[in-house]
Number of protein chains: 2
Amino acid sequence: MPRVVDVDERRALLAAAVWRVIHREGLANASVRKVAAEAQVSMGSLRHYFSTQNQLLQFSLQAVGERVTQRLATLDLTGTPRQVAELVALELLPLDADRRAEVEIWIAFSAATLTDPDLRALSDQSHEALHTLLRTLVADLLPPNSPDQDLDLETDRLHALIDGLALHGATTPTQTTPTRLQAALTHHLEHLARS
Amino acid sequence: MPRVVDVDERRALLAAAVWRVIHREGLANASVRKVAAEAQVSMGSLRHYFSTQNQLLQFSLQAVGERVTQRLATLDLTGTPRQVAELVALELLPLDADRRAEVEIWIAFSAATLTDPDLRALSDQSHEALHTLLRTLVADLLPPNSPDQDLDLETDRLHALIDGLALHGATTPTQTTPTRLQAALTHHLEHLARS
DNA sequence: ACCTTTATAGCACGAGTGTGCTACTTTGAA
DNA sequence: TTCAAAGTAGCACACTCGTGCTATAAAGGT
């Protein structure tokens, strides 16, 4: 039998290297060679786990989504709807360096999504999943038995606000400080709960 | 005296070619050769107006900002604060194919901004200009003599909402239709005016 | 000890890139 | 008519890229 290596761990390691390269030099510079060097692995070894660059990048994008999902899963969701909504929403904002890096990677992939059909499919999936999650939060915030139309509208608004804040927090971190991000979001949830 | 050519027009033509290439293949594929071919111009000719690729891309980014600014300048700003705010804000959303393409280019440059200091400076400028414009709209919407803190908060929120909606309209146009974009925005302005 | 399977390593080819550079063409003032 | 300025054209070099490919190393069941 063959040499034993944890394949999933190896792939996760390489995805992390992809993230670091993207964060440092952008998605356009995430070449196979640079990722391999970043992971301190030979090109041949990398290509044993991802035979093409597309596979590598697609996996890395998917892994970002799963990383966020797992972080959200660790949250303690006991509390009032307002508390839960705030907890989840704040987790999605770039309030520290780690999450800012994460958002930067998400932006890079979002841009790539516009011209790469394969990435687009993955991205749409994450978008839809987050939208669904946010919809349940909104449903608990609004008055019981609110019409679907209101739910959809407020979910669109909350989702856009979160992504817009994340975008600003990453692109203009000097102006858009974590404090301001947090203030805008909690203020929005306050309005939602009182409407 | 030399051959006479409208230099500004030439540069604008090349910037438009850059936009088309970015829209079709992404910023990473906006090579000097491809842009020249897109503009039906030789490499040498292109490089007479932009001696390096960076100059070309920086000008193209700046030109996007100016294009938006000029579109906003043509709007008829007579009306109630609510009407003016809606007019301006809706102009910024990807409600038709042209503006969707524009937003796609903006997203591509936003991603590039994260790892390119030169682009970042230009981008920050546009961001700040838009933020200032939105602040005046918000000031007219809120009760007179509202504290600066409220103005800042609501401006952050509106700005993030607009950019978030634009992002969703471009990345997931099938789900996030122009109708939904418009509904979310007018609903937000409605709340803003009544708070 | 052997051998099959898996992992690691990296060469090499063709393609594409940015930019320095030279050559040619067109223009209009002198 | 002449000529300097300005525009157009594209070659060529050094480089990076993705990927097909072969070669070597390690490991554990038999």
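Hydrogens, waters and symmetry mates are skipped; everything else that's a heavy atom, side chains included, is used. Every chain is numbered from 1 and lettered A, B, ... according to where its sequence line falls, protein lines coming before strand lines.
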Taking only the side-chain nitrogens and oxygens of [X], find out if one of them lies under 4.0 Å from OP1 or OP2 of [N].
X: His48(A); N: dT8(C); answer: no
X: Tyr49(A); N: dT8(C); answer: yes
X: Ser31(A); N: dC17(D); answer: yes

Earlier contact from the 5' end, DNA chain D, for Asn29(A) and Gly44(A):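 Between the two, 5'-proximity favours Asn29(A).
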Without decimals, in angstroms, what is the distance between [X] [atom1] and [N] [atom2]?
X: Leu46(A); N: dG20(D); atom1: CG; atom2: C1'; value: 16 Å
X: Gln53(B); N: dT16(D); atom1: CD; atom2: C1'; value: 14 Å
X: Asp116(A); N: dG18(D); atom1: CG; atom2: P; value: 14 Å
X: Leu57(A); N: dC17(D); atom1: CG; atom2: P; value: 13 Å
X: Asn54(B); N: dG20(C); atom1: CG; atom2: P; value: 12 Å
X: Gln40(B); N: dA9(D); atom1: CD; atom2: P; value: 11 Å
X: Phe50(B); N: dG20(C); atom1: CZ; atom2: P; value: 16 Å
X: Asp6(B); N: dG7(D); atom1: CG; atom2: C1'; value: 14 Å

Pair of N/O donor and acceptor under 3.5 Å linking dG10(D) base with Arg33(B) side chain: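 It does not, because no donor-acceptor pair links the side chain of Arg33(B) to the base of dG10(D) below 3.5 Å.
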Salt bridge present between Arg99(B) and Glu102(B) (N-O < 4.0 angstrom):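 No, no charged N to carboxylate O under 4.0 Å.
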Salt bridge Glu86(A)-Arg82(A), side-chain N to carboxylate O under 4.0 Å: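 Yes, Glu86(A) and Arg82(A) are salt-bridged.
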Side-chain heavy atoms of Val18(B) within contact of Phe59(B), under 4.5 Å: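 Sidechains of Phe59(B) and Val18(B): no contact.
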Arg24(B) and Thr115(A), any side-chain heavy atoms less than 4.5 Å apart: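 SC-SC contact between Thr115(A) and Arg24(B) ruled out.
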Closest-nucleotide 5' rank along DNA chain C - winner of Arg47(A) and Met43(B):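 Going by which nucleotide is closer to the 5' end, it is Arg47(A).
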Donor-acceptor contact present, side-chain Arg180(B) to main-chain Gln175(B), <3.5 Å: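 Yes: the side chain of Arg180(B) pairs with the backbone of Gln175(B).
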